[in-house]
Amino acid sequence: METVEGCTVWFTGLSGSGKTTISRALEKELRLRGHKVEVLDGDLIRKNLTKDLGFSKEDRDANIRRIGFVAQLLTRNGVIVLVAAISPYRKVREEVRQLIGNFIEVYVNAPLSVCEQRDMKGLYQKARDGKIKHFTGIDDPYEPPLCCEIECRTDQETVEQSVAKVLLTWQQKTRQHRDK
Ligand code: ADP
């Protein structure tokens, strides 16, 4: 098996945009190819590593910094890390990018109306009813990337197309790294 440098692929986007779906499909694909992969999924992370944090800007940033710290440790040990977290604030995304180094940012983009229609967890409805406060996209901000490696328009492309795009960028980056 060829040796591959560690890398973090960071999926950012609204709840229901498709971060988990794409990252899990990509995980499967990379494992089939024999790579070491770890998915850091925001929902799971908030149940353990960042259980103590809420949804204020400070806590959201702290959540991302902790995920970024773990991603950095794994990345430097040759793991391909797939982070699926809303990560609504641009500045802290930039901070973890600098920390990690080998970093691919993927903007998982579907219009709010589509995410709301999907509403798999019923959270948008609760937010609209005022039962959940500070819900990203409803009464809390989301700052889309101004410049990122990949954008996946999940209302217009299939999961397979999104996975293929990410794989291609990752392969190109890996090649550049090796040729340096
Ligand atoms: P997030 O992790 O961003 O909150 P999820 O991946 O949990 O989002 O949910 C996205 C939902 O949208 C899933 O039910 C998924 O099947 C659906 N979906 C429909 N089309 C796509 C697509 N092209 N890419 C990703 N998800 C899609």
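In what follows, every heavy atom counts, from backbone to side chain, and hydrogens, waters and symmetry copies are set aside. Start at 1 and go down the list; that is how both ligands and their atoms are numbered.
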Verify, without hydrogens or angle tests, whether [X] (side chain) and [Y] (backbone) share a donor-acceptor contact under 3.5 angstrom.
X: Lys165; Y: Glu151; result: yes
X: Glu143; Y: Arg90; result: yes
X: Arg60; Y: Pro88; result: no
X: Thr136; Y: Leu14; result: no
X: Asp139; Y: His134; result: yes
X: Asp119; Y: Gln125; result: yes

Does [X] have a heavy atom less than 4.0 Å from any atom of ligand 1?
X: Val108; value: no
X: Ser15; value: yes
X: Asp155; value: no
X: Ala84; value: no
X: Gly16; value: yes

Considering only heavy atoms, does [X] approach ligand 1 within less than 4.0 Å through its side chain, its backbone, both, or neither?
X: Arg118; result: side chain
X: Asp43; result: neither
X: Asp41; result: neither
X: Met120; result: side chain
X: Lys121; result: side chain

Kindly confirm or rule out an N or O of [X] lying under 3.5 angstrom from an N or O of ligand 1.
X: Thr154; answer: yes
X: Gly18; answer: yes
X: Ile22; answer: no

When you measure from atom 6 (O) of ligand 1 to every protein heavy atom, which one gives the shortest distance, and what is it? Thr21 OG1, 2.5 Å
Report the nearest protein non-hydrogen atom to atom 3 (O) of ligand 1: residue, atom name, distance rounded to 0.1 Å. Lys19 NZ, 2.7 Å
Could you list which atoms of ligand 1 come closer than 4.0 Å to a heavy atom of [X]?
X: Thr158; result: 23 (N)
X: Leu14; result: 3 (O)
X: Glu157; result: 22 (C), 23 (N)
X: Val159; result: 22 (C), 23 (N), 24 (N), 25 (C)

Considering all heavy atoms, the nearest Val163-Ile22 contact: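 Val163 and Ile22 have their closest heavy atoms at CG2-O, 4.0 Å.
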Give me the atom names and distance for the closest heavy-atom approach of Ala110 to Thr154. CB-OG1, 3.3 Å
Find the distance between SG (Cys148) and CZ (Phe11) and round it off to the nearest 0.5 Å. 11.5 Å
Does Tyr142 have any side-chain hydrogen bond (donor to acceptor under 3.5 Å, both in side chains) partners at least two apart in sequence or in another chain, and if so, which? Thr12
Do the non-hydrogen side-chain atoms of Tyr107 and Ser17 ever get within less than 4.5 Å of each other?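 Not in contact.
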Thinking salt bridges, do Arg24 and Glu27 make one under a 4.0 Å N-O criterion?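 A salt bridge is present here (some side-chain N lies under 4.0 Å from a carboxylate O).
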